[in-house]
Amino acid sequence: MSEAKKMSLTVKVLLGLVLGLITGVLINTFLAGNAFVDTWLTNGVFHMVGKMFVNALKMLVVPLVTFSLICGVCGIGDIKALGRIGTKSFGLYVLTTAIAISTAILLATIIGPGKGFKMDTVETKDVVAKEAPPVTQVFIDIIPSNPIKAFAEGEMLSIIFYAIMFGVSILLVGARARPIVDAAEMLNEVAMKMVTLVMSIAHIGVFCLIAKTFAQQGIGLLLPMASYFFTVVGALAIHLFVTLLALLFVFTRLSPMTFMKKMRNAQAFAFSTASSSATLPITLRSVSERLGVNNSVASFTVPLGATINMDGTAIMQGVATVFIANVYGIELGLGGYLTVIGMSVLASIGTAGVPGVGLIMLAMVLNQVGLPLEGIGIIMGVDRLLDMCRTAVNITGDAMVSTVVAKGENKIDYDVYRDPEAGVLDADDIHITDAEKLAHAS
Ligand code: ASP
């Protein structure tokens, strides 16, 4: 490398994030209401580029998950092992979510956010409490009656189900299906290359997304809701830095520091997009190429986690329930809290990894314990910022479980895990010369 050390993508993305935050807060503080800035910057360039970037990420999800899952299932090569990996990851996902929500309720009970809360200091928004889908429907919908529709609409659980069935059938057909495996492997490589391409402009996308959010939200909004906001952030921090890292260390003996460093990029994406689903290509890349988890495990556990594992969301729901109960002066009692834990775990499975759904699913939890849905209107104002934070925790949980499962299956490359440079992206990852060779060869 000739120039004075190239800036790695992670540094660029973090820089985009910080600069976006500063720009957004400055606009919100000094230029609020300025029609030009509002039309041309916040709702103009920032909105457009940010949306284009998120669309580019979403565009990658369905093909990447499909090809990588087919390769993954064929890579495991053994249906029994597949069942074991599935059971282990599902069990760990449920366990971590249950721990997350318990931490949240405990912390919220100690801090007591919402006690003595003055309703008139915040703007209460009207809640459009959408009907949360019944749990039975979530399970029914896993099996797509029309796979093309499932793929077209990006229904992750159905896609995962279909791709696994497809992979298993390839295994059952045996040697004659080898060309399909080869094709899926090649397509997977191409899909991964597309991730690299989109990531090369990530810092710009992240800057625009963050600048727009903070220009519109500001941080003044936080003050009346500070106790709720910081209780959620506190519980998220405990879950991220204590629970997840401790579980990682206990189960794998791998360095939590290395894990966190290698997940930084994906966390920044999750924070900027507030969508586990849009971040999925980056999480998958970080887990397989940075942490060294074999694709046969990662391709299965990461998309599954992005869809059913929402530790951060469960934490928000736990604190929100205690907060709303406090605001309305309602005692929940032990039975109530246990119901909240159960419901939040189920809600987390049924929550799609897109911005803001956690709040809608909260309606289901509140309903179950008889708390007023209007409570959601109170916390709505600060939800976007919390959504960003909890999504970063959601995807870190997915990566942790994936690493633990891979370790148990002996499907982790320790050299890759320990190598700080492994899978780091810089401009050199796009080899124009290779492309030229291919063009000339044809
Ligand atoms: N935005 C979250 C995610 O994508 C879900 C939520 O809590 O609303 O993981």
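Start at 1 and go down the list; that is how both ligands and their atoms are numbered.
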Do Tyr417 and Phe259 have their ring centres less than 6.0 Å from each other?
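No, too far apart.
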
Does the side chain of Tyr93 come within less than 4.5 Å of Thr301's, by heavy atoms?
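Side-chain contact under 4.5 Å: yes.
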
Side-chain heavy-atom pair Leu26, Phe214 within 4.5 angstrom cut-off
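Side-chain contact under 4.5 Å: no.
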
salt_bridge(Asp383, Arg390) N-O dist < 4.0 Å:
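Salt bridge flag = yes for Arg390 with Asp383.
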
Atom 1 (N) of ligand 1 - nearest protein heavy atom and its distance:
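Ranked first by proximity to atom 1 (N) of ligand 1 is Asp387 OD1, 2.7 Å.
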
Please report which non-hydrogen protein atom sits nearest to atom 8 (O) of ligand 1, along with the residue it belongs to and the distance in Å to one decimal place.
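Its nearest protein heavy-atom neighbour is Gly358 N, 2.7 Å.
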
Using a 4.0 Å cutoff against the non-hydrogen atoms of [X], which atoms of ligand 1 qualify?
{"X": "Thr391", "value": "1 (N), 2 (C), 3 (C), 4 (O), 9 (O)"}
{"X": "Thr313", "value": "5 (C), 6 (C), 7 (O)"}
{"X": "Ser275", "value": "4 (O)"}
{"X": "Gly356", "value": "8 (O)"}
{"X": "Ala274", "value": "1 (N), 4 (O)"}

So, does Ser272 use its side chain to make a donor-acceptor pair with the main chain of Val206 at under 3.5 Å?
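Judged by distance alone, no pair lies under 3.5 Å.
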
Rounded at 0.5 Å granularity, tell me how far OG in Ser288 sits from CG in Asn295.
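So the OG of Ser288 and the CG of Asn295 are separated by 6.0 Å.
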
To the nearest 0.5 Å, tell me how far Cys74 SG sits from Leu69 CG.
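So the gap between those two atoms works out to 10.0 Å.
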
Is [X] close to ligand 1, meaning an N/O of one under 3.5 Å from an N/O of the other?
{"X": "Ser277", "value": "no"}
{"X": "Val357", "value": "yes"}
{"X": "Met310", "value": "no"}

Report the member of Ala270, Ser276, Ala278 with the shortest heavy-atom distance to atom 3 (C) of ligand 1.
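Going through Ala270, Ser276, Ala278 one by one, Ser276 has the nearest heavy atom to atom 3 (C) of ligand 1.
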
State which residue, out of Pro303, Pro281, Ser275, fulfils the side-chain contact (heavy atoms from CB on, under 4.5 Å) condition with Val61.
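For Val61, the side-chain contact (heavy atoms from CB on, under 4.5 Å) check succeeds only for Pro281.
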
